[in-house]
Amino acid sequence: MAEKRDFYEVLGVSKTASKDEIKSAYRKLAKKYHPDLNHEPDAAKKFEEVQEAYDVLYDDNKRRQYDQFGMAAFSQGSSTGGAGNPFGEGFSSQGFGDIDLGDIFNSFFGGGASRSSYRNSGPQKGDDSLYRVRIGFMDAITGKTIKIPVNYDEPCSHCHGTGADSPSDIETCPYCGGTGYTTVQTRTPFGTMNQRTTCQHCGGKGKRVTHNCHVCGGQGYAHVRKDLEVRIPAGINAGQQIRVSGKGGRGLNGGPNGDLYVEVLVTAHPFFKRDGDDIHMDVPISFVDCALGTSIDIPTVYGEVSVKVPEGTQPDQILKLKGRGIKNLRTQKPGDMYIHIKVKTPAHLNRSQKDLLMEFQKQNAKENSTFDNWKKTFKK
């Protein structure tokens, strides 16, 4: 026979461990290796080992004997009491000290030595559905009504989802008494256990229909295919969703349908770039207009607006148009618009234009060129 492991090692506690520490270690290991919960081949053996260690170390007298004589103190098998095979004579609390077995089974079976494997018999809301739709950039700014094809099940107009031709055609299931489940007693190595299973006669509903609805044939719903109108609100952003109540998956046991979520995808605009409720746009301007200043009509998402470009405007300078962005979906407060100045240098000049620029260059050189001024500040 193989030599038994040290009891302290089995429970994973020190030799100075308190009774509370021993109890806590035992609880964890008993749950881990309980043969009714763990179906590994060596689970039963490990559970027996844990049980025996606990029986000895939790009992003050047995622990003193074990600490003094080791395994030899129990060589005749008469001192450990409940350390025998826990599977021999059914399930009892012997050998478990003051540990409540309900605590062990509670986290697995919902309390006590019983199992549950039945469906909820009450009304349950159906699953939600998702539909993606792509709209244009300006449609997202101003809003739009669209039509989308949908397929869903709606409650029957006659029986309202019950499947019965009239309310009097519904009766409480006589087999489960309206609970939706039946209880079966099963003998296990640990004694008798109660197991709940879905009632096979009513399918877990707790009710039975004696006469089916003449409209839907007892199904309780009608399958619908149609184009559904959905209003896309002004200011919606890409990735946001619109909830359409009751157009999702069918509910169970008379429960309501789930919801349909329409996720909006937005096509990019060739010029406008959205950032939250703000709009950014690159605007090309000649270097002469930047140098002298000018006034230009800028297109915005809500129409054109006149903008003054200050004298001496630099490349990539940003001009802000307050309140010319997108109206917030909830607050209706508009964002801002940002104009990014992009200076355009002419690629082809006629002779007169070149002469004018050369004259400008000569005059500017007297005050040092832009490059020379920059280079003087450059340090390696």
Side-chain angles (χ1 to χ4, degrees), residues 134-146 231-240 242 264-379:
R134 182 174 293 277
I135 62 175
F137 184 89
M138 291 306 300
D139 289 333
I141 306 302
T142 60
K144 182 181 182 180
T145 298
I146 62 173
R231 176 63 188 171
I232 306 295
I236 196 167
N237 209 342
Q240 290 185 308
I242 302 166
V264 177
L265 308 177
V266 181
T267 301
H269 193 276
F271 301 108
F272 296 129
K273 295 179 177 62
R274 182 171 182 173
D275 181 14
D277 294 328
D278 297 329
I279 290 289
H280 295 259
M281 185 171 66
D282 294 341
V283 177
I285 301 180
S286 73
F287 73 95
V288 176
D289 286 336
C290 287
L292 301 178
T294 187
S295 182
I296 55 178
D297 292 332
I298 293 293
T300 73
V301 292
Y302 298 117
E304 289 191 351
V305 60
S306 182
V307 177
K308 183 179 180 180
V309 179
E311 178 181 330
T313 295
Q314 299 299 310
D316 295 322
Q317 188 170 331
I318 300 175
L319 306 180
K320 178 180 177 180
L321 301 183
K322 187 173 179 60
R324 293 292 178 173
I326 302 167
K327 292 180 181 178
N328 185 273
L329 182 62
R330 294 180 176 83
T331 67
Q332 292 299 298
K333 181 181 178 180
D336 301 320
M337 182 170 180
Y338 295 89
I339 300 172
H340 299 253
I341 299 298
K342 301 298 178 182
V343 177
K344 297 293 290 184
T345 302
H348 303 286
L349 298 173
N350 58 37
R351 188 61 196 176
S352 176
Q353 291 170 331
K354 288 182 179 180
D355 290 343
L356 290 172
L357 288 176
M358 290 178 68
E359 180 61 26
F360 170 78
Q361 186 178 37
K362 288 178 182 180
Q363 294 182 22
N364 190 52
K366 296 177 181 179
E367 301 176 0
N368 294 321
S369 69
T370 301
F371 176 77
D372 290 336
N373 288 333
W374 171 81
K375 191 172 182 180
K376 287 178 182 180
T377 64
F378 184 81
K379 295 180 180 181

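These numbers were taken from a predicted model, which means no experiment stands behind them.
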remark   = Distance col, row T300:OG1 vs L321:CG, nearest 0.5 angstrom, shows 8.0 Å

Where G325 and P334 come nearest, the two heavy atoms and their spacing = O-CB, 4.4 Å

inquiry  = Taking R330's backbone N and O only, do any of them form a donor-acceptor pair with Q332's side chain (distance below 3.5 Å, no angle check)?
reply    = no

query = Between SG of C290 and CD of E311, what distance do you get to the nearest 0.5 Å?
reply = 11.5 Å

inquiry  = Checking the side chain of T313 only, and the main-chain atoms of V309 only, is there a donor and an acceptor separated by less than 3.5 Å?
reply    = no

inquiry  = Using side chain to side chain contact (heavy atoms under 4.5 Å, CB included), reason through I232 and I146 one step at a time and then give a plain yes or no.
reply    = CA-CA 7 Å; I232 306 295; I146 62 173; 3.9 Å; yes

inquiry  = Can you tell whether the side chains of D336 and R324 come within less than 4.0 Å, N to carboxylate O?
reply    = no

Between CZ on residue R231 and NZ on residue K144, distance to nearest 0.5 Å = 10.0 Å

inquiry  = With a 4.0 Å cut-off on N to O distance, would you call D278 and R274 a salt bridge?
reply    = no

request  = Just say parallel, tilted or perpendicular for the rings of H280 and H340, cut-offs at 30° and 60°.
outcome  = tilted

message = Strictly by ring pair (Phe, Tyr, Trp, His ring centres under 6.0 Å), give each pair with a member in residues 284-324 just once, sequence neighbours left out.
response = none

message = Is the shortest side-chain heavy-atom distance between K344 and S286 below 4.5 Å?
response = no

key: Minimum-distance pair of heavy atoms, taken over all atoms of I242 and P233   = CD1-CD, 3.7 Å

query = So how far is it from I326 CD1 to N328 CG, rounded to the nearest 0.5 Å?
reply = 10.0 Å

Pairwise distance NZ(K342) to CG(D282) - rounded to 0.5 angstrom = 5.0 Å

inquiry  = Between Q240 and N237 (side chain of the first, backbone of the second, donor and acceptor by atom type, cut-off under 3.5 Å), is there such a pair?
reply    = yes

remark   = What one should report as the nearest heavy-atom pair of G312 and Q314 is O-NE2, 2.9 Å

note = Rounded to the nearest 0.5 Å, the CE atom of M281 sits from the CG atom of L319 at a distance of 10.5 Å

